[in-house]
Each structure stands twice: as structure tokens, then as C-alpha cells.
Amino acid sequence: MPNVTAVTGFFLLGLSDDQDLQTVCGVLFLVMYLAALMNNLLLITLITVDLQLQTPMYFFLKNLSLTDALLLSIPIPNFIVNSLSHNNSISIPGCACQIFLMTSFSGGELFVLTAMSYDRYVAICCPLHYEAIMSGRVCVLMAGVSWATGGLFGALYTAGTFSMPFCGSNVIPQFFCDIPSLLGISCSDTLMVIYISFGIGLCLGISCFICVIISYFYIFSTALKIPTTKGQSKAFSTCFPHLIVLTIFMITGCFVYLKSPSATPSVIDRVFSVIYTVLPPTLNPVIYSLRNSEVKSALRRWLQSPFPRGPSV
């Protein structure tokens, strides 16, 4: 029987071995984290207090911003503390908690984005029945299912990953705990549980992708039939931000979570991990704010008064 040492904790590789560069990275990430967090919280506040933004589209956008803020707050603060303290160790329970929360919020964000595509489909293809179909009860149900499914998704992945023993190297070649890296340092002969979890997650992801594709097929077909250019532009203007956000999230997420297990450090892997964890939560509120006149108007009203009021009846 081979002589192996059980792993009792992990060591996150980070972005640099140089302590001065670690400090610089920590400060830089602190600035980016605060900016992204403030942008998302500002968008959540605007949608919550402005009565003119109490529509299904902005309800899902508020859920998206909340998911972004939570997803960003799992790995980045820990990385900032590690970089400034020059201590990259993390316990097994801490790593498990990080994986559970990140996969849960990532899955929840994917389902929220899918719900947003359905909302745009109903708004453009069935405008006369929009309020009846996308009622408040339906929106809450769709958001609840998105969050609950994301939590189930995270629980499956976490249970599957930490049901395996770890031995040998305890170095995770990332600045946060991720499943492919943990699979690379597992000494288990069978990965059946994690493969089942992966299969379920892949099926859910493909299902969401197919739903988005079908929704936008009908959206574009309907929008192109609108006789006026202004009408077409208005229809597309509410869809392009969602498509941009969804594309960035899915491309970077696939690269981080679907890459082959490896314990070998890769600069490209870590760069994409930074892009995945920082870029979507930072850009999402900016993309929706810059391309949405209603959000700009709500921001102007909020700046004029701390408690904006809706139109008088």
C-alpha cells in the first residue's frame, strides 16, 4: 500500500509569489471589489425605491445584481486578506464553504439569466398578455426556483467533491477553491459521485442554454417584423444588455469549471478565473445602466431626492 499523507488543509497559489506584488494585487482587488459592490448595491437600491422600476424585468435585474454582489463577495475578500497578510492557507471546511457558495450563486445566476430571457420573450412576442403571464407571483416563483436550484446545484458539487479523500499535494493553483483543481489532487480511484454531479450540472446548463436560444429565436423573429425602425431599436435595446451579460458569464464560467483537472499552475487559468469572478459582477450594472434610459432617469430622480416617487395617479 503506497505511503500517502492525508491533506488537512490547502494552500491557495494566488497570483504571485512576490510579497510586494501580493500587496499591490490586494490593494487593486480591494478597489475593484468596492467599485463593483457599490455599483450592484446602487442598482438594487434604485430598483427597490423607484416605483417606475417595479416591473418584472427590473425585478429579475435586482436578483441578478444581488447574485453578483454575493458571488463577488465569496472569493475576493478572502483573496484580499490573504494578499495583504501573505498567508494563502485555507482550511478544508473553509474551502468546502467557498465551493458551495460559489457554485450555488453561479448556478443561481445562470437560472436568473434564463428567467430574464423568458421575460424578454413574453414582453416582445406576447405584449398584450405580458402582465397576466409575468405576474408578481410568477416572478417570485421563478426567482425562488432559480435560487433553490442554484443551492441544490452547489450542494451536489460540494458533497461530490469532498466525499473523496485528498492526499499528496495540498496546493490549489488558483486564488480560490475550485473543483477542477481539487479533482487534480484527489487520490480517489473512483470519481463516480462527482461525475454524476457534473452530469446533472451539465444537463441543467445545457437546458438553460437551449431555453435562451429558443427565446431569442422568437424574439428576433418578432422584432424584425416590427414595421418601424424605432420599434425594432426599442425591442433590441432591452435584449442586447442581457445577451452581453449572459455571453461573458457563460464563456468565462465554462473555462473555469469545465477545464480538465490539473494541479499544474497556469497563468491563463488564473487570468480567466479573475475575469470570471470580477468582470461579470463589475460590468453587469454598468451595461444595464448605460443602455437603459429608465435606469438613468431613476438615477437622476434618486440624486434629486433620497426617496424617489412614482407618477401621481
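Predicted, not measured: the structure shown is a model, and the values here were computed from it. Note that these values count all heavy atoms, side chains included, but never hydrogens, waters or copies made by symmetry.
Between F79 and F29, the distance from one ring center to the other falls under 6.0 angstrom.
Annotation: disulfide (SG to SG under 2.5 Å) contacts involving residues 27-61, sequence neighbours excluded, are absent.
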Using distance only, find each side-chain donor-acceptor pair of residues 125-135 under 3.5 Å and give its atom names and separation, not counting sequence neighbours.
| from | atom 1 | to | atom 2 | distance (Å) |
| --- | --- | --- | --- | --- |
| Y130 | OH | D119 | OD1 | 2.6 |
| S135 | OG | V138 | N | 3.4 |

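Side-chain contact between W147 and F105: present, with at least one pair of heavy atoms (C-beta onward) separated by less than 4.5 Å. Within the 4.5 Å cutoff, the side chain of L12 has heavy atoms near those of the C177 side chain. Looking at heavy atoms from C-beta onward, M57 lies in side-chain contact with R120 at the 4.5 angstrom threshold.
No donor-acceptor pair under 3.5 Å is formed between the side chain of Q22 and the backbone N or O of H86.
Annotation: F220, atom CZ; neighbour count of heavy atoms from other residues, nucleotides and ligands within 6.0 Å is above 12.
A single hydrophobic cluster is seen to contain both V122 and I210, as judged by linkage of ILVMFWY side chains at heavy-atom distances under 4.5 Å, directly or through other members. By the rule that hydrophobic residues join a cluster once side-chain heavy atoms approach within less than 4.5 Å of another member, V81 and L30 end up as members of separate clusters.
Here L66 contributes atom CG and T48 contributes atom OG1; the two are 9.5 Å apart, rounded to the nearest 0.5 Å.
In this structure, a donor-acceptor pair under 3.5 Å is present between the side chains of S89 and N87.
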### Task
Given side-chain contact (heavy atoms from CB on, under 4.5 Å), test Y33 with L37 step by step and report yes or no.
CA-CA 6 Å; Y33 171 70; L37 190 64; 3.7 Å; yes

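In the hydrophobic clustering, where aliphatic and aromatic side chains (Ile, Leu, Val, Met, Phe, Trp, Tyr) are joined below 4.5 Å either directly or transitively, L141 groups with V145.
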